[in-house]
Chemist: 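Structure incoming, see below.
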Amino acid sequence: MAKFMSSHTLPPGAMKREQVDGLAEAAKNDPVIKPYRSFCNLAEGKIMCVMEAPDKKTLAAWFEKMKVPCDGITAVELEGDRGTVQNA
């Protein structure tokens with residue numbers, strides 16, 4: 001399945017850790033969307049996610065269903081980890 005990066009902007013402090021945990025659990029249990037990695041700064045209202053999905057449209061619909069505003073979704077072509085780059 002393809003990987004996608006998504007960025008999300010919320011009012012600073014609007015999302016709490018418990019909500020992030022609930023979203024992570026929902027993603028883990030979703031039959032189509034698969035969580036990969038997330039980065040959050042709740043104090044600044046910034047969230048970045050990398051998730052696996054069949055396509056952008058499906059992932060966008062999942063965020064809408066979860067009531068998470070989404071600034072954008074980008075397909076991941078290359079993935080780097082500690083100086084090593086490979087195809088996603």
Chemist: Just distance, no hydrogens or angles: give the donor-acceptor pairs under 3.5 Å from side chains in residues 78-88, sequence neighbours left out.
Modeler:
unit_1: Glu79; atom_1: OE1; unit_2: Lys3; atom_2: NZ; d: 2.5
unit_1: Glu79; atom_1: OE2; unit_2: Tyr36; atom_2: OH; d: 2.6

Chemist: Could you work out, with side-chain contact (heavy atoms from CB on, under 4.5 Å) as the rule, every residue matching Lys28, not counting sequence neighbours?
Modeler: Glu25, Pro35
Chemist: Which pairs with one or both residues in residues 50-60 pass side chain to side chain donor-acceptor pair (under 3.5 Å), sequence neighbours excluded?
Modeler: Asp55-Thr58
Chemist: Mind jotting down which residue pairs meet the ring-ring contact (aromatic ring centres under 6.0 Å, His included) criterion with at least one end in residues 67-88? Sequence neighbours excluded, please.
Modeler: none
Chemist: Distance check, rounded to the nearest 0.5 Å: Asp30 atom CG versus Met51 atom CE?
Modeler: 7.5 Å
Chemist: Considering only residues two or more places apart or on different chains, which pairs with a residue in residues 12-32 satisfy ring-ring contact (aromatic ring centres under 6.0 Å, His included)?
Modeler: none
Chemist: As an exercise, state the distance from SG of Cys49 to CG of Leu23, rounded to the nearest 0.5 Å.
Modeler: 8.0 Å
Chemist: What pairs of residues pass the ring-ring contact (aromatic ring centres under 6.0 Å, His included) test when at least one of them lies in residues 67-88, not counting sequence neighbours?
Modeler: none
Chemist: So, using side-chain contact (heavy atoms from CB on, under 4.5 Å) as the criterion, who are the partners of Ser7 when residues are at least two apart?
Modeler: Met48, Asp71
Chemist: Side-chain polar contacts of residues 12-21 - donor-acceptor pairs under 3.5 angstrom, sequence neighbours left out - could you list them?
Modeler:
unit_1: Lys16; atom_1: NZ; unit_2: Gly13; atom_2: O; d: 2.7
unit_1: Arg17; atom_1: NE; unit_2: Asp21; atom_2: OD1; d: 2.9
unit_1: Arg17; atom_1: NE; unit_2: Asp21; atom_2: OD2; d: 3.4
unit_1: Gln19; atom_1: OE1; unit_2: Lys16; atom_2: N; d: 2.7

Chemist: Share the residues that join Met1 in a hydrophobic cluster, the rule being Ile, Leu, Val, Met, Phe, Trp or Tyr side chains under 4.5 Å apart at the heavy-atom level.
Modeler: none
Chemist: Please enumerate all residues that pass side-chain contact (heavy atoms from CB on, under 4.5 Å) together with Ala24, with sequence neighbours excluded.
Modeler: none
Chemist: Show me the donor-acceptor pairs, under 3.5 Å and distance only, between side chains in residues 39-46 and residues at least two apart or in other chains.
Modeler:
unit_1: Asn41; atom_1: OD1; unit_2: Ala43; atom_2: N; d: 3.3
unit_1: Asn41; atom_1: OD1; unit_2: Glu44; atom_2: N; d: 3.0
unit_1: Lys46; atom_1: NZ; unit_2: Thr9; atom_2: OG1; d: 3.2

Chemist: Taking Met66 as the starting point, is it possible to reach Val50 by hopping between hydrophobic residues whose side chains are less than 4.5 Å apart?
Modeler: no
Chemist: With sequence neighbours excluded, give me every ring-ring contact (aromatic ring centres under 6.0 Å, His included) pair touching residues 60-88.
Modeler: His8-Phe63
